[in-house]
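Only a predicted model underlies this, so the values are computations on that prediction, with no experimental measurement involved. Labels below follow one simple rule: chain letters A, B, ... track the order of the sequence lines, proteins then strands, and each chain is numbered from 1.
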Amino acid sequence: MGTEAPKTIFDRIWESHVITRRDDGESLIYIDRLLLQENSFHAFDKIRRENRKVRNPGQAFAFADHYVPTRDRARGLDAIADPEIRNMVELIEADTRAYDITLFGLGDIRQGILHVVGPEQGITQPGLVIAGADSHTSTHGALGAYAFGIGSSEVAHVLAVQGLWRPRPKTMLVDVVDPLPAGTTAKDLILAIIARIGAGGAVGHVIEYAGPGITGLSVEERMTVCNMSIEAGARAGLVSPDDKVFDYVKGRPYAPRGEDWERALAYWRSLPSAPGAAYDRRVEITGGEVAPMVTWGTSPDQALAVTGRVPDPAAEGDADERRRMERALTYMDLRPGQDLRAIAVDRVFIGSCTNSRIEDLRAAAAVAKGRQARVPAMVVPGSGLIKRQAEEEGLHEIFLGAGFEWREPGCSMCVAINGDGLQPGERCASTSNRNFEGRQGRGGRTHLMSPAMAAAAAVTGHLSDVRDLLAEG
Amino acid sequence: MDPFETLSAVAVPLEQANVNTDQIFPARMIKKPRAVGYAQFTFHDIRRDDAGALRDDFPLNQDKYRDARILVAGVNFGCGSSREGAVYTLLDSGFRVVIAPSFGDIFAANCLKNGLLTITLPEATVADLRKEISAAAAPRLTVNLEAEEITRPSGETLAFEAEPFQKHCLLNGLNEIDLSLEFAAEIDAFEQAHRARLPWLAVEEG
Ligand code: SF4
């Protein structure tokens with residue numbers, strides 16, 4: 001007693017999920033929940049081809065989100081004109097029916113983006129190991145779960161085995177030592193963190209976010225932070241759960257209840273990292289210095305405070321990095337030294353698993369209220385339930401009154417595979433998570449930012465410092 | 001999965017760092033069934049210009065590298081989306097080995113499941129290898145997984161370290177699910193104890 005080294009939350013979750021270890025040091029880790037989406041069809045094909053049984057269908061949940069239309073939902077599948085896209089939505093319906101897996105599908109009020117609906121339904125809980133058929137599964141770490149994305153072969157492996165082989169990852173503590181200033185958001189914080197550690201800076205690590213700059217955030221804001229862990233190369237990001245998380249989970253459809261709730265709560269309270277626990281790496285972030293951020297390049301780490309200027313590759317000493325910057329500027333059609341706030345946009349997208357929750361919509365609506373969009377702008381709620389809540393709060397009327405489109409839930413223009421997308425050369429202010437070349441449509445140019453900043457871009461027609469608009473009232 | 005034999009093949013250098021899976025295999029192609037053959041999609045958008053014509057400055061489009069089966073890439077190759085199509089498309093194009101200073105985590109795991117060997121070497125070594133391949137008239141490498149050795153165009157050899165389990169699976173062409181199911185008794189026992197300890201894990205909608 002008392003001699004054991006203090007543990008991190010990750011240590012505790014990992015150690016309680018090791019089924020067995022192999023000679024080479026890899027462990028077979030038990031997977032509590034598996035999250036699927038339309039692109040999981042390769043995994044079901046593999047299961048069928050190899051004639052496997054799905055071990056625990058009740059522990060898998062599927063979501064129609066990547067390919068669903070964001071308009072005309074009353075027509076159901078008929079709203080999808082492209083037969084290949086329609087086929088994707090039909091496949092997930094057929095596969096989940098065949099293997100008796102719960103689907104949050106088209107026509108279900110609970111339908112939405114997997115990383116929004118999982119927490120919203122109480123499927124995501126502290127202490128769980130969650131594998132998802134999508135790299136942004138790290139989102140679920142906001143509730144104190146170890147959650148990570150996997151490819152289709154591993155999805156098939158989890159379906160058949162309920163476990164995955166893993167070397168024990170390293171841990172990285174991102175300590176946000178003070179709160180964020182007024183007018184900045186969780187999105188600005190995570191963009192600042194990624195800019196600091198780099199797109200590959202956390203490869204092989206699980207990030208734990210901690211400190212007053214994190215505990216001060218709501219659970220939804222923590223999801224925004226954990227969501228983009230993958231953009232720094234980390235497969236997972238998590239936060240030690242606290243009362244905010246327990247209150248968030250309580251009463252949700254899949255949350256424990258009654259006596260189970262009390263037992264779960266006692267267990268969850270034992271999870272947070274102990275003071276003095278060891279991490280392989282530590283990074284300190286001064287939250288108070290974070291300003292509203294935008295990306296200028298084609299990788300999420302190419303981000304700056306909106307008050308800055310497009311950087312000059314010539315000032316970069318490292319030749320590889322210089323080439324990378326030049327390529328990004330060419331693709332983005334930007335010049336070194338340009339004032340970021342002078343960059344005009346063609347379109348605005350508010351949505352995605354990073355920023356489509358109710359708080360995001362409220363923040364965008366607060367900026368849109370009483371103003372008019374100067375460029376086409378669309379708002380895509382993260383789930384049907386969020387959409388309904390927003391409508392109860394009258395947010396849709398604010399958006400519609402300001403000339404924004406109010407769409408149905410799904411991934412939409414975050415990945416542009418459902419038919420919503422940019423035209424070549426179009427420039428978009430987007431609340432999503434990837435500004436990769438072609439991500440929002442071939443030749444499209446993406447600037448990542450927070451919902452309030454995207455709304456500010458919509459009503460001014462260019463990248464803008466939302467603090468200036470908020471000061472106007 | 002076919003066992004990995006010693007591979008002697010053309011290698012193609014790709015200078016760029018942080019090549020993501022959207023660049024390897026654009027998202028809009030994911031919905032295509034594998035049966036259509038994914039080779040046509042490999043690096044689709046970055047190897048073509050806006051009009052859809054092949055760009056001369058993209059190495060894979062050059063005659064010298066036409067039959068490449070080994071890719072020598074930059075840091076953080078395969079970052080971004082978890083889409084396994086990025087691996088299928090490389091395999092369908094004939095690739096069996098990717099050499100890079102580092103890989104996107106999920107991409108590397110996906111490679112292993114599909115018999116695509118990933119080799120991690122120090123950044124300077126990989127840069128040097130890319131340079132040598134670009135300069136060589138016959139840009140061939142020989143990758144001997146058993147011996148953990150690469151033979152360069154110059155004839156010199158370069159040692160690498162393979163992860164032992166990956167090596168075992170690749171050399172024998174093993175199916176990972178079959179191997180894992182050999183632990184069925186351990187999985188059953190673990191699951192029973194886990195559910196007893198955390199009884200609320202049983203999934204029920206309230
Ligand atoms: S919203 Fe974007 S990042 Fe999130 S799950 Fe959908 S496609 Fe992936």
Contact residues of residues 49-58 of chain B (partner chain A; heavy-atom separation under 4.5 angstrom) = Asp49(B), Asp50(B)

task = Please state whether the side chain, the backbone, both or neither of His17(A) comes within less than 4.5 Å of a heavy atom of chain B.
result = both

query = Do other residues, nucleotides or ligands put more than 12 heavy atoms under 6.0 Å from Lys64(B) NZ?
reply = yes

key: Glu186(B) side chain to Thr20(A) backbone, donor-acceptor under 3.5 Å   = no

inquiry  = Just to verify, what does Glu231(A) make a salt bridge (Lys or Arg N to Asp or Glu O under 4.0 Å) with, not counting sequence neighbours?
reply    = Arg434(A)

ask   = If you measure from the Lys or Arg side-chain nitrogens to the Asp or Glu carboxylate oxygens, is any gap between Lys31(B) and Glu38(A) under 4.0 Å?
value = no

inquiry  = Other residues, nucleotides and ligands only: do more than 12 of their heavy atoms fall within 6.0 Å of CZ on Arg21(A)?
reply    = no

query = Which answer fits Ile46(B), side chain, backbone, both or neither, if we ask what part of it has an atom under 4.5 Å from a heavy atom of chain A?
reply = side chain

Residue part contacting chain B, namely of Phe61(A), when any heavy atom lies under 4.5 Å = side chain

ask   = Taking all atoms of both residues into account, what is the closest heavy-atom pair of Arg197(B) and Ser16(A), and its distance?
value = NH2-CB, 3.3 Å

task = Please state whether the side chain, the backbone, both or neither of Val18(A) comes within less than 4.5 Å of a heavy atom of chain B.
result = backbone

Donor + acceptor pair across side chains of His194(B), Asp32(A) (<3.5 Å) = yes

inquiry  = Taking Asp134(A) first and then Arg83(B), would you say they form a salt bridge - that is, a charged N and a carboxylate O separated by under 4.0 Å?
reply    = no

task = Indicate whether the side chain of Gln16(B) and that of Arg327(A) have a donor and an acceptor atom separated by less than 3.5 Å.
result = yes

ask   = Contact part of Gln23(B) toward chain A, heavy-atom cut-off under 4.5 Å: side chain, backbone, both or neither?
value = side chain

key: Structural part of Asn56(A) lying under 4.5 Å from a heavy atom of chain B   = side chain

ask   = Is it the side chain or the backbone of Phe183(B) that comes within 4.5 Å of chain A heavy atoms, both, or neither?
value = side chain

query = Which bit of Ile230(A) is near chain B, if near means a heavy-atom gap under 4.5 Å: side chain, backbone, both or neither?
reply = side chain

Nearest-0.5 Å distance, CG of residue Asn39(A) to CD1 of residue Ile30(B) = 4.5 Å

request  = For residues Asn114(B) and Ser153(A), report the shortest heavy-atom separation together with the two atoms involved.
outcome  = ND2-OG, 3.6 Å

key: Interface moiety of Asn18(B) toward chain A, non-hydrogen atoms closer than 4.5 Å   = side chain

query = Where on Ala133(A) is there a heavy atom nearer than 4.5 Å to chain B: the side chain, the backbone, both, or neither?
reply = backbone

message = Check this for me: does any side-chain nitrogen of one of Arg52(A) and Asp178(B) sit under 4.0 Å from a carboxylate oxygen of the other?
response = yes

message = Heavy-atom cut-off 4.5 Å, strictly under: side chain, backbone, both or neither for Ile85(A) against chain B?
response = both

key: Which portion of Gln162(A) sits near chain B, non-hydrogen atoms under 4.5 angstrom   = side chain

task = Evaluate the ring planes of Tyr267(A) and Trp200(B), with Trp represented by its six-membered ring, and classify them as parallel (under 30°), tilted (30 to 60°) or perpendicular (over 60°).
result = tilted

query = Closest approach of Asn110(B) and Gly151(A), non-hydrogen atoms and distance?
reply = OD1-CA, 3.2 Å

key: Within residues 117-132 of chain B, residues adjacent to chain A where the heavy-atom gap is under 4.5 Å   = Glu123(B)

message = What I'd like to find out is whether the side chain of Pro199(B) reaches to under 4.5 Å of the side chain of Asp260(A), using heavy atoms alone.
response = yes

key: Atom of Ser135(A), atom of Ser81(B) and distance for their closest heavy-atom approach   = OG-CA, 3.7 Å

query = With chain A, which of Ala27(B), Pro33(B), Gly104(B), Gly80(B) has the greatest number of heavy-atom pairs at distances under 4.5 Å?
reply = Gly80(B)

query = What part of Arg263(A) gets closer than 4.5 Å to chain B, counting heavy atoms only: side chain, backbone, both or neither?
reply = both

request  = Could you go through the side-chain contact (heavy atoms from CB on, under 4.5 Å) check for Leu128(A) and Leu198(B) one step at a time?
outcome  = CA-CA 10 Å; Leu128(A) 297 184; Leu198(B) 313 172; 6.0 Å; no

inquiry  = Parallel, tilted or perpendicular, judged at 30° and 60°: which one describes the rings of Tyr30(A) and Phe190(B)?
reply    = tilted

request  = Inspect the surroundings of CG in Asp23(A) and state if more than 12 heavy atoms from other residues, nucleotides or ligands are less than 6.0 Å away.
outcome  = no

message = Please identify, among Ala234(A), Ala264(A), Gly200(A), the residue contributing the most non-hydrogen atom pairs under 4.5 Å to chain B.
response = Ala264(A)

Nearest atoms (heavy-atom pairs only) where Tyr88(B) meets Ser152(A) = OH-OG, 3.7 Å

inquiry  = List the residues meeting side chain to side chain donor-acceptor pair (under 3.5 Å) with Ser180(B), not counting sequence neighbours, and say none if there are none.
reply    = His157(A), Trp165(A)

remark   = Interface check, chain B: of Arg324(A), Arg442(A), Glu437(A), most non-hydrogen pairs under 4.5 Å belong to Arg442(A)

key: Test log, rule side-chain contact (heavy atoms from CB on, under 4.5 Å), inputs Glu84(A) and Lys32(B)   = CA-CA 8 Å; Glu84(A) 280 187 339; Lys32(B) 309 273 185 196; 3.1 Å; yes

key: Criterion side-chain contact (heavy atoms from CB on, under 4.5 Å) on Asp320(A) and Val75(B), from CA distance to verdict   = CA-CA 10 Å; Asp320(A) 286 341; Val75(B) 289; over 6 Å; no

query = So which part of Glu50(A) gets closer than 4.5 Å to some heavy atom of chain B, the side chain, the backbone, both or neither?
reply = side chain

query = Using non-hydrogen atoms only, which part of Gln125(A) is less than 4.5 Å away from chain B: side chain, backbone, both, or neither?
reply = side chain

inquiry  = Tell me which of these, Arg55(A), Glu259(A), Arg166(A), Glu154(A), has more heavy-atom pairs under 4.5 Å with chain B than the rest.
reply    = Arg55(A)

message = To check you understand the geometry: which heavy-atom pair defines the closest contact between Phe103(B) and Val203(A), and what is its length?
response = O-CG1, 3.9 Å

